[in-house]
Amino acid sequence: MKKIVILGGARDFHAMDWYRAVQKNAPKNEVIFLTDLIGGEGYDNLLVPTDDIEKLFIIDKFLCSKQSTFGNIWRNLLKLLVLPIQICKLKKFHQKNPDCIYHAHPMYYMFLCWLSGIEYIGSPQGDEILIRPHRSWLYRYFAVKVLRTAKFVIVDSQNMQKEIKKLSGVDALVHQYGIDIDELQKYNNKKQKTKVASIRGMLPLYRIHKILESRSHSVPADPIHFIYPYYEESYSKSIKQQMLDSDVDLGRLNKQEMYSLLSESYLAVSIPESDSSPRSVYESIFLGCCVAIEHNPYLDTLPMCMKERVVVVDLDDKYWFGDAVKKACEITKVGYFPSEEAINMFDQNLSIRRVIGKLYV
């Protein structure tokens, strides 16, 4: 059997979840996670004893001690500086393991495979397709090269599929990456819902300031629990200055902590500038939350039982937050019970098995 190599950052929740789901659902294959990044910048180590980790040149110790705008720039520059080393290490790994299927998450690791001359499947992230090519002609040039060279490109939404087609002419394959429904069902409908949560990164892209601006027009001003997998230091500081004493800044939680919080929340808020197919939104719904979003194409693809837990907001209406709170309180009086359609669409084990059967051959 061919080895399956997931190439990505080991501190990336999405890449690690994909790896572990493949590991679980392809028991006859050896499944390896190949990485250049495990921690650094204040991130917790996500690795567990059952992970089969192979290392490129690990850059953790050369990174800044915490997340910041400068830290992001330095990390990206460092990755470019050590690219020749990573290419050599990847080629050596491939020579020792010639019969492998490589799946790169996200674009940087696709780029690394392309430069190494290795056949690969690629999964870019939303902003790598929806935002960055429109901001940099150089990024756009290399993105097109990398997308066209991939054996397959897998994305999680039709929005991404259309943008990739427009950008590169490549027909990307749409596969919902899925969520851990078995784990989520342990938490759903078991706790009283009394909280409001902000569930996206503490970055300008996710417009956390818009939540606080609208909340300031809400009476009473409901406290918010802020959770975020990553942050930008200066933006985070500006947001904290606008928080109420009753707000709770939780930062990056592990999955069990996040699920527990969301199971106690009647409203989760997610209003980024651009979105593909947000896993945290789906997890929130499966945990019984109502979710406040701007209208996005992914909403049209959801099963009705999930659409009924969504409040579409207009950010030009300064009272949108308070209105969403009221609607969410009413909606969540009834527990969430996923339909068979929702389970079939979002169960990560079913999704991964489809990919394994079609593409990992």
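Given the structure is predicted, the values throughout are model-derived calculations rather than measurements.
Taking a cutoff of 4.0 Å between a charged side-chain nitrogen and a carboxylate oxygen, E119 and K2 do not qualify as a salt bridge. Using a 4.0 Å cut-off between charged side-chain N and carboxylate O, D347 and R353 make no salt bridge. Using a 4.0 Å cut-off between a side-chain N of Lys or Arg and a carboxylate O of Asp or Glu, K327 and E330 do not qualify as a salt bridge. The pair E41-R11 meets the salt-bridge criterion, since a charged nitrogen lies less than 4.0 angstrom from a carboxylate oxygen. A salt bridge does not link D222 with R215: every distance from a Lys NZ or Arg NE/NH1/NH2 to an Asp or Glu carboxylate oxygen is 4.0 Å or more. We find that R279 and D17 are joined by a salt bridge, their nearest charged nitrogen and carboxylate oxygen being less than 4.0 Å apart. For K165 and D171, the salt-bridge test passes: some basic side-chain N is under 4.0 Å from an acidic carboxylate O. Under the 4.0 Å criterion applied to side-chain N and carboxylate O atoms, R207 and E294 are assigned as salt-bridge partners.
Here the CD1 atom belonging to I211 is positioned 9.5 Å from the NE2 atom belonging to H209, to the nearest 0.5 angstrom. Atoms CG and OG, from L130 and S157 in turn, are 6.5 Å apart once rounded to the nearest 0.5 Å. To the nearest 0.5 Å, atom SG of residue C290 and atom CD1 of residue I331 are 3.5 Å apart. Between the CD1 atom in I87 and the NZ atom in K91 there is a gap of 6.5 Å [rounded to 0.5 Å]. The OG atom of S236 lies 9.5 Å from the CG atom of L203; values are rounded to the nearest 0.5 Å. Separating the OH atom in Y139 from the CD1 atom in I131 is a distance of 10.5 Å, to the nearest 0.5 Å.
When the side chains of ILVMFWY residues are joined at heavy-atom separations under 4.5 Å, either directly or via intervening members, Y235 and V269 end up in a single hydrophobic cluster. If you chain together hydrophobic residues whose side chains sit under 4.5 Å apart, L115 and L56 fall into the same group.
Counting only heavy atoms from C-beta outward, the side chains of Y120 and L7 never approach each other to under 4.5 Å. Contact annotation: the side chain of D51 never approaches that of L46 to less than 4.5 Å [non-hydrogen atoms, C-beta and beyond]. You'll find the side chain of C100 reaches within 4.5 Å of the side chain of K3, heavy atoms only. Within the 4.5 Å cutoff, side-chain heavy atoms of Q86 are placed close to those of I59. Residues L167 and V144 meet the side-chain proximity criterion, which asks for heavy atoms closer than 4.5 Å. Inter-residue side-chain proximity for P124 and V153 is flagged as met; some heavy-atom pair is nearer than 4.5 Å. Taking the side chain as every heavy atom from C-beta outward, L212 and I239 approach each other to under 4.5 Å. F33 is not listed as a side-chain neighbour of Q23, based on a closest heavy-atom distance of 4.5 Å or more.
Between the side chain of S116 and the main chain of L112, a donor-acceptor pair closer than 3.5 Å is present. Looking only at distances, a side-chain donor or acceptor of D60 sits under 3.5 Å from a matching main-chain atom of G39. With S265 contributing its side chain and A197 its backbone, the two residues share no donor-acceptor pair below 3.5 Å. Side-chain N or O atoms of K55 include none that pairs as donor or acceptor with a backbone N or O of L34 at under 3.5 Å. Of the possible donor and acceptor atoms, none in the side chain of N344 sits under 3.5 Å from a partner among the backbone N and O of E340. Formation of a donor-acceptor pair under 3.5 Å by the D12 side chain with backbone atoms of G9 is not found in this model. Remark: side-chain polar atoms of E233 are not paired, donor with acceptor, to backbone N or O of F70 under 3.5 angstrom. Not one N or O on the side chain of S260 forms a donor-acceptor pair closer than 3.5 Å with the backbone of E257. At distances below 3.5 Å, at least one donor-acceptor pair connects side-chain atoms of E128 with backbone N or O atoms of Q125. A donor-acceptor distance shorter than 3.5 angstrom exists from the side chain of W74 to the backbone of F62, with no hydrogens or angles considered.
A 6.0 Å sphere centred on NZ of K79 holds more than 12 heavy atoms belonging to other residues, nucleotides or ligands. No more than 12 heavy atoms of other residues, nucleotides or ligands lie within 6.0 Å of NE2 in H14, so this atom counts as exposed by the packing criterion. Taking a 6.0 Å sphere around CD of E213, one finds it holds more than 12 heavy atoms contributed by other residues, nucleotides or ligands. A 6.0 Å sphere centred on NZ of K255 holds more than 12 heavy atoms belonging to other residues, nucleotides or ligands.
Inspection of the Y228 and D249 side chains reveals an N or O donor paired with an N or O acceptor under 3.5 Å. Neither side chain, D275 nor N296, offers a donor N or O lying under 3.5 Å from an acceptor on the other. For the residue pair S351/Q176, the side-chain donor-acceptor check at 3.5 Å is not satisfied. There is a side-chain donor-acceptor pair under 3.5 Å between S270 and R200. No side-chain N or O of Y298 forms a donor-acceptor pair with one of Q158 less than 3.5 Å apart. Counted by atom type alone, D36 and Y109 present one or more donor-acceptor pairs between their side chains at under 3.5 Å. Using modelled atom types and a 3.5 Å distance limit, the side chains of D156 and S276 yield a donor-acceptor pair. In this structure, a donor-acceptor pair under 3.5 Å is absent between the side chains of E183 and Y259.
F111 and Y108 have tilted rings, their planes meeting at an angle from 30° to 60° on a 0 to 90° scale. Aromatic ring pairs are classed by plane angle as parallel below 30°, tilted from 30° to 60° and perpendicular above 60°; the pair Y282 and F346 is tilted. By the 30° and 60° cut-offs, the orientation of the rings of H105 relative to W18 is tilted. Ring planes of Y230 and Y206: tilted class, angle from 30 to 60°.
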Legend entry - Intermediate values then yes/no, side-chain contact (heavy atoms from CB on, under 4.5 Å), L267 and V291: CA-CA 6 Å; L267 177 65; V291 184; 5.9 Å; no

Inset, instruction - Output, in order, the C-alpha distance, side-chain angles, deciding distance and verdict of side-chain contact (heavy atoms from CB on, under 4.5 Å) for M345 and M306. - result: CA-CA 11 Å; M345 183 180 293; M306 297 179 71; 5.8 Å; no

Inset, instruction - Begin with the C-alpha distance, continue with both residues' side-chain angles, and end with the deciding distance and a verdict on ring-ring contact (aromatic ring centres under 6.0 Å, His included) for F152 and H103. - result: CA-CA 9 Å; F152 301 109; H103 190 162; 9.8 Å; no

